[in-house]
Amino acid sequence: MTKKIALNMLAVALLLNGAAPAIAQDADPNTLAPSKAPERTANGLALTPPMGWNSWNKFACNVNEKIIRATADAMASNGMKAAGYQYIVIDDCWHGQRDENGFIAADPARFPSGIKALADYIHSKGLKFGIYSDAGRKTCGDRPGSQGHEYHDALTYARWGVDYLKYDWCNTGTRNAEEAYTLMADALRATGRDIVFSLCEWGNSRPWLWGQKIGNLWRTTGDITDKWEGKYGYSWGVLNILDMNEPLWPFAGPGHWNDPDMLEVGNGGMTTTQYRSHFSLWAIMAAPLIAGNDIANMDAATREILLNREVIAVNQDALGIQGRRISREGNREVWVKPLSGGGRAVILFNRGESSEPISVGWEELGYPATLKASIRDLWAHRDLKPVAGRYAATVPSHGVVMLKVQP
Ligand code: GLA
């Protein structure tokens with residue numbers, strides 16, 4: 001091959017590779033077909049959306065090793081581990097100072113046994129361990145960030161046994177996001193350890209267009225807060241985040257997920273019906289299922305939501321297609337996620353203030369109208385009478401009916 005042809009081929013390859021919006025064109029918004037593009041993943045990890053727990057939504061900066069150990073104990077014994085939850089992630093404020101060679105240590109008052117011992121403990125429970133840093137000079141909580149210390153920190157995390165890094169975007173000045181996240185991805189890769197890489201730059205630089213080659217998940221929005229709807233400073237309620245994340249469905253797939261932020265289920269600011277909707281909608285959007293409540297002290301209603309294995313199975317389906325809204329009439333919405341095996345997960349969602357009948361026709365799901373499908377209610381945990389044509393249900397205010405429809 002001549003040099004010129006080789007260069008041309010390289011240019012074409014680069015063009016194809018760099019043309020991230022091609023994913024959007026491939027995914028025909030009028031069908032439920034997944035993107036045809038072969039998925040090039042960053043590191044081969046997170047082939048289904050990551051599941052676990054993160055300290056921020058409940059504990060914010062008040063983290064210590066006692067809380068993290070108790071959380072690991074709970075996850076290993078309360079059914080969560082068996083249901084697929086895996087990562088225990090310490091968010092901001094675990095940090096102490098850097099030493100004279102630039103290596104970071106944990107806050108000795110909060111983590112007197114050190115992070116390595118904590119990671120060992122979490123691993124001994126059959127769970128995985130995640131940590132948090134920031135691409136700027138300081139984290140959002142004003143602790144040392146990784147800027148200028150990317151290789152130091154990646155090496156330190158690998159030595160500690162870190163399996164997951166959430167990498168935030170505060171105090172980054174004029175840094176370019178794609179470049180900054182690539183630098184840390186390279187540093188993680190250089191350690192040789194499998195580390196899921198979670199990009200947390202809030203969707204500012206549209207990471208869905210470039211994140212797939214760098215990391216496994218990217219935040220699509222500002223922070224979630226424990227409210228149904230509205231904007232609260234830099235944070236948003238569930239409905240607002242839902243509507244920002246939904247249109248990005250073509251960009252999700254095995255190894256690379258849209259991240260509409262962690263769960264608020266069980267934190268007390270919403271009703272059980274709203275939490276059930278929050279969990280169901282995050283599940284159908286193939287969002288990471290990262291619990292954000294105090295799982296060592298949760299009530300039965302919270303447990304029932306987080307441990308609904310039928311809903312989790314929808315989230316963890318091997319096809320890895322992000323579900324989306326296929327119809328919206330006033331407060332009545334229908335959401336669909338194609339599943340492996342030819343079935344569909346369906347959510348009938350009522351945003352209104354009173355109960356409403358909502359229905360879905362088989363043709364909307366890509367099936368013939370005459371098809372006799374079996375239907376399972378994933379919250380009632382029972383099979384419904386097989387019907388042809390369509391299914392209708394009365395859905396409570398702010399509630400969902402979540403189904404699996406199987407031809
Ligand atoms: C940002 C992130 C949050 C959390 C905090 C920690 O706001 O978006 O998820 O990590 O920082 O300070």
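Side chains are part of it too, since the values below use all heavy atoms of this structure and drop only hydrogens, waters and symmetry mates.
Within the structure, every pair that satisfies the salt bridge (charged side-chain N to carboxylate O under 4.0 Å, His left out) test and touches residues 140-149, not counting sequence neighbours, is listed here: K138-D142. Among pairs with a residue in residues 191-200, those fulfilling side-chain hydrogen bond (donor to acceptor under 3.5 Å, both in side chains) read D163-R193, at least two apart in sequence or across chains. The salt bridge (charged side-chain N to carboxylate O under 4.0 Å, His left out) analysis of residues 93-113, with sequence neighbours excluded, yields the pairs R98-D153, D107-R110. The list of salt bridge (charged side-chain N to carboxylate O under 4.0 Å, His left out) pairs with a residue in residues 66-87, not counting sequence neighbours, reads D73-K125.
Classified by interplanar angle (parallel below 30°, tilted 30° to 60°, perpendicular above 60°), the ring pair Y132/H95 is perpendicular. The aromatic rings of W228 and H398 lie parallel to each other, with less than 30° between the two planes, well short of the 60° mark. Taking the six-membered ring for Trp and thresholds of 30 and 60 degrees, H149 and H152 have ring planes inclined between 30 and 60 degrees apart.
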Checklist entry - Would Y87 and F129 satisfy ring-ring contact (aromatic ring centres under 6.0 Å, His included), going step by step from the backbone distance to the final call? => result CA-CA 5 Å; Y87 294 97; F129 173 59; over 10 Å; no
Checklist entry - Under the side-chain contact (heavy atoms from CB on, under 4.5 Å) criterion, do W53 and V89 qualify, and how do the steps go? => result CA-CA 6 Å; W53 174 89; V89 183; 5.9 Å; no
Checklist entry - Passes side-chain contact (heavy atoms from CB on, under 4.5 Å), W94 versus I104? Steps please. => result CA-CA 11 Å; W94 59 266; I104 188 80; 4.1 Å; yes
Item to check | Intermediate values then yes/no, side-chain contact (heavy atoms from CB on, under 4.5 Å), N78 and M298 | outcome: CA-CA 10 Å; N78 69 6; M298 60 183 165; 3.4 Å; yes
Checklist entry - Could you go step by step and tell me if E229 and N240 meet the side-chain contact (heavy atoms from CB on, under 4.5 Å) rule? => result CA-CA 6 Å; E229 188 172 11; N240 305 68; 3.8 Å; yes
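Here T221 contributes atom OG1 and D261 contributes atom CG; the two are 5.5 Å apart, rounded to the nearest 0.5 Å. A distance of 7.5 Å separates CG of D223 from SG of C140, quoted to the nearest 0.5 Å.
Between the side chain of T225 and the backbone N or O of K227 there is no donor-acceptor pair closer than 3.5 Å. When atom types are taken as modelled, the side chain of Y85 and the backbone of L289 share no donor-acceptor pair closer than 3.5 angstrom. Checked by atom type and distance alone, the side chain of E65 pairs as donor or acceptor with a backbone atom of S113 at under 3.5 Å. A distance-only check finds a donor-acceptor pair linking the side chain of N350 to the backbone of S354 [under 3.5 Å]. Side-chain atoms of R332 never come within 3.5 Å of backbone atoms of I358 as a donor-acceptor pair (strictly under, hydrogens ignored). A distance-only check finds no donor-acceptor pair linking the side chain of Q316 to the backbone of A313 [under 3.5 Å]. Proximity of a side-chain donor or acceptor of W169 to a complementary backbone N or O of A135 within less than 3.5 Å is not detected.
Looking at heavy atoms from C-beta onward, L348 lies in side-chain contact with V360 at the 4.5 angstrom threshold. Side chains of F251 and P207 form no contact here, defined as non-hydrogen atoms less than 4.5 Å apart. Contact of the N315 side chain with the K337 side chain is not registered, since no non-hydrogen atoms from C-beta on lie closer than 4.5 Å. The closest side-chain heavy-atom distance from M402 to L281 is not below 4.5 Å. Residues L339 and R344 are not in side-chain contact: their nearest non-hydrogen atoms beyond the backbone lie 4.5 Å or more apart. Between W362 and P407, every side-chain heavy-atom pair lies at or beyond the 4.5 Å cut-off. Residues D92 and W56 form a side-chain contact, since some pair of their non-hydrogen atoms from C-beta on lies under 4.5 Å apart. Side-chain atoms of E356 and T394, non-hydrogen and from C-beta on, never get closer than 4.5 Å to each other.
A salt bridge links D383 with R376: at least one charged nitrogen is closer than 4.0 Å to a carboxylate oxygen. Ion pairing between a basic and an acidic side chain is recognised when a charged N comes within 4.0 Å of a carboxylate O; E310 and K404 show no such pairing. Ion pairing between a basic and an acidic side chain is recognised when a charged N comes within 4.0 Å of a carboxylate O; K116 and D120 show such pairing. One finds no salt bridge joining E246 and R328 here, because no Lys/Arg side-chain nitrogen approaches an Asp/Glu carboxylate oxygen to under 4.0 Å. A salt bridge links R175 with E150: the closest approach of a Lys/Arg side-chain nitrogen to an acidic carboxylate oxygen falls below 4.0 angstrom.
With sequence neighbours excluded, no residue forms a ring-ring contact (aromatic ring centres under 6.0 Å, His included) with Y275. Evaluation of the side-chain contact (heavy atoms from CB on, under 4.5 Å) rule for A185 yields F197, I214 as partners, not counting sequence neighbours.
Judged purely by distance below 3.5 Å, without hydrogens or angles, the side chains of N293 and E264 never pair a donor atom with an acceptor atom. Side-chain contact check for N54 and D91: at least one donor-acceptor pair (N or O, by modelled atom type) lies under 3.5 Å. Checked by atom type, the side-chain pair W335/E333 shows a donor-acceptor distance below 3.5 Å. Side-chain contact annotation: T220 with N245, donor-acceptor N/O pair under 3.5 Å present. Under the 3.5 Å distance criterion, with hydrogens and angles disregarded, a donor-acceptor pair is assigned to the side chains of N43 and N216. Side chain to side chain, E353 and S397 fail the donor-acceptor criterion of an N or O pair below 3.5 Å. Using a 3.5 Å distance cut-off with no hydrogens or angles, the side chains of E201 and S205 do pair a donor with an acceptor. Side-chain atoms of Q406 and S374 include no donor-acceptor pair closer than 3.5 Å.
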